[in-house]
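What you see below is based on every heavy atom in this structure, not just the backbone, and it leaves out hydrogens, waters and symmetry mates. Just so we're on the same page: letters track the sequence lines, and every chain starts at 1.
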2 protein chains.
Amino acid sequence: MRDLANALGIEAASIYSHIRSKEEILQRVCFRMADEFFGAIEVLKDEKASATEQLKRAISAHVQVLTRNTEASAVFLQEWRHLSEPHHTEFLALRDRYEHYFRKIIRQGIASGEFQVPDEKFAVLTILSGLNWIHTWYKPEGKMKPAEIAENLSAMLLNGLKTNLN
Amino acid sequence: MRDLANALGIEAASIYSHIRSKEEILQRVCFRMADEFFGAIEVLKDEKASATEQLKRAISAHVQVLTRNTEASAVFLQEWRHLSEPHHTEFLALRDRYEHYFRKIIRQGIASGEFQVPDEKFAVLTILSGLNWIHTWYKPEGKMKPAEIAENLSAMLLNGLKTNLN
DNA sequence: TTTATTTGCTAACGAACGTTAGGTTGTTTA
DNA sequence: TAAACAACCTAACGTTCGTTAGCAAATAAA
């Protein structure tokens, strides 16, 4: 709180005119980011699109949220486990629900023959790992733009590294 | 320190018979894990192997280290940023060196035509993200064994999700 | 213009933290 | 057998932490 107050140019005690507690700040960051993520995929719902297309869009949406909120993303991804109950459990439920959205796409891809995936849950966890690691290196002034990041990640996850002779 | 002491069944003050400081514990975990990772890739050095094979082996080695040290891995991956100087800078240097090992493999794969990678650094960061996310879900008693994890991750990163008609 | 509200201040509180000091007990070594 | 050493204990310290209380000043509203 003293570090935050320093950054704001006020005293730590003054922050309590604006918030109830430190825990409330963490809750707000985590649940607002969760809302951002869900909001971003909510508008994508188009189950007529191919699984490939749906996955690309989901990846892109996720990347947009992350790169638009780099600091909140870092807090969201690294500090959620400090949430107190019942928020901690609620948060895990949201995370599960978000993962299920991706699993559904993967399952659809398997069913349609677009994807060949030995383990669906593993695939989703790996996709999300690639997405959620972005905050560790992404800089707004960096050479790779969010759209390029999404494109590269999609290409890598869909096509793999190996040279494709198709 | 009191939580750790509780887990050990001794008093917090007693820990200081065995270590110099809390910071020393963090240093030891982080640098010993770094040693483990470097040791694991050290024995792999065989530049005659294809880039594909080298990458598979590097992934496998990394997975073995992570899954053999799940708790230390969590500390290593999540707490390194709390290291004090000069250890913090040393740690980043080690991390860079480890990343370079992977970049070298990718570069070799591009040169030999095995890989088609728009951005080599991005590819490595994504590979490492998949690897370093494992500690968030892996359980020794889980259904997927380390060797299977390595195999699935390699397949996914090399071949991608898309059904390969080759 | 006066009152209410907002936002910040200082001072302080109780709790938690990492660690030190001195002592005791058990183990090892000479 | 005695001395040295190791490993633990209790008690406590100074620091840091999140937060509250009471107050002052600035701003907004009546």
Peer 1: Quick one: N6(B) CG to dC9(D) P, roughly how many Å, whole number?
Peer 2: 11 Å
Peer 1: Just N and O in the side chain of S14(B): are any of them under 4.0 Å from OP1 or OP2 of dC9(D)?
Peer 2: yes
Peer 1: Within the 3.5 Å criterion, strictly below it, is a donor on Q64(B) or S60(B) matched to an acceptor on the partner's side chain?
Peer 2: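 No, no side-chain donor-acceptor pair sits under 3.5 Å.
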Peer 1: How about T89(A) and E85(A): does a side-chain donor come under 3.5 Å of a side-chain acceptor?
Peer 2: yes
Peer 1: Would you tabulate the side-chain donor-acceptor contacts of residues 1-10 of chain B under 3.5 Å, counting partners in other chains and residues two or more places apart, or write 'none'?
Peer 2:
none

Peer 1: Please, which pairs that meet ring pair (Phe, Tyr, Trp, His ring centres under 6.0 Å) have at least one residue in residues 116-152 of chain A, sequence neighbours excluded?
Peer 2: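 Checked against ring pair (Phe, Tyr, Trp, His ring centres under 6.0 Å) - neighbours excluded - the pairs reaching residues 116-152 of chain A are F122(A)-W137(B), W137(A)-F122(B).
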Peer 1: The criterion is side chain to side chain donor-acceptor pair (under 3.5 Å); which residues satisfy it with E114(B), sequence neighbours excluded?
Peer 2: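 E114(B) satisfies side chain to side chain donor-acceptor pair (under 3.5 Å) with T52(B), S112(B) only.
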Peer 1: Could you pull out the protein-nucleic contacts involving nucleotides 26-28 of chain D (nitrogen or oxygen on both sides, under 3.5 Å)?
Peer 2:
none

Peer 1: Can you list the residues that meet the side chain to side chain donor-acceptor pair (under 3.5 Å) rule with E23(B), with sequence neighbours excluded?
Peer 2: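 Only Q27(B), S84(B) meet the side chain to side chain donor-acceptor pair (under 3.5 Å) criterion with E23(B).
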Peer 1: Any side-chain N or O of H18(A) below 4.0 angstrom from OP1/OP2 of dG8(C)?
Peer 2: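 Yes, because at least one side-chain N or O of H18(A) sits under 4.0 Å from OP1 or OP2 of dG8(C).
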Peer 1: Taking the side chain of R2(A) as its heavy atoms from C-beta onward, which of dT19(D), dA12(D), dT20(C) lies nearest to it?
Peer 2: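 The nucleotide sitting nearest to the side chain is dT19(D).
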Peer 1: Hey, could you give me each pair passing side-chain hydrogen bond (donor to acceptor under 3.5 Å, both in side chains) that has a residue in residues 147-159 of chain B? Not counting sequence neighbours.
Peer 2: none
Peer 1: Please encode protein proximity along nucleotides 21-28 of chain C as a string of B, S and -, counting only heavy-atom distances under 4.0 Å.
Peer 2: B-------
Peer 1: Would you mind listing every ring pair (Phe, Tyr, Trp, His ring centres under 6.0 Å) that reaches into residues 41-63 of chain B, with sequence neighbours excluded?
Peer 2: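 Matches after skipping sequence neighbours: F37(B)-H62(B), H62(B)-Y98(B).
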Peer 1: Measure from the side chain of M1(B), starting at C-beta and using heavy atoms only, and say which of dT19(C), dT20(D), dT10(D) lies closest.
Peer 2: dT19(C)
Peer 1: So, taking the atom named CD1 in I59(A) and the one named CG in L153(A), what distance separates them when rounded to the nearest 0.5 Å?
Peer 2: 5.0 Å
Peer 1: In whole Å, I'd like the distance from the CD atom of E24(B) to the P atom of dT20(C).
Peer 2: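 To the nearest whole Å, that distance equals 12 Å.
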Peer 1: What integer distance in Å separates I10(A):CD1 from dT10(C):P?
Peer 2: 12 Å
Peer 1: Can you name the residues that form a side chain to side chain donor-acceptor pair (under 3.5 Å) with K139(A), not counting sequence neighbours?
Peer 2: none
Peer 1: Which residues satisfy the side chain to side chain donor-acceptor pair (under 3.5 Å) test with R95(A), sequence neighbours excluded?
Peer 2: none
Peer 1: According to side-chain contact (heavy atoms from CB on, under 4.5 Å), who are the partners of E11(A), at least two apart in sequence or on a separate chain?
Peer 2: S14(A)
Peer 1: Can you list, in residue-number order, the parts of residues 79-90 of chain A that come under 4.0 Å of DNA chain C, counting heavy atoms only?
Peer 2: none
Peer 1: Report the distance from atom CD of E11(A) to atom C1' of dA21(D), rounded to the nearest whole Å.
Peer 2: 15 Å
Peer 1: Can you tell me the distance, in whole Å, between the CD1 atom of I19(B) and the C1' atom of dT19(C)?
Peer 2: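 Taking atom C1' of dT19(C) as the reference, CD1 of I19(B) is at 9 Å.
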Peer 1: Between dT19(D) atom C1' and E23(A) atom CD, what is the distance in whole Å?
Peer 2: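 So the two atoms are 14 Å apart, to the nearest Å.
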Peer 1: Write down the distance between CD1 (I15(A)) and P (dT19(D)), rounded to a whole number of angstrom.
Peer 2: 10 Å
Peer 1: From CG of L8(A) over to P of dT7(C), roughly how many Å is that when rounded to an integer?
Peer 2: 13 Å
Peer 1: Looking only at side-chain atoms of Y16(B), point me to the closest of dT19(C), dC9(D), dC9(C).
Peer 2: dT19(C)
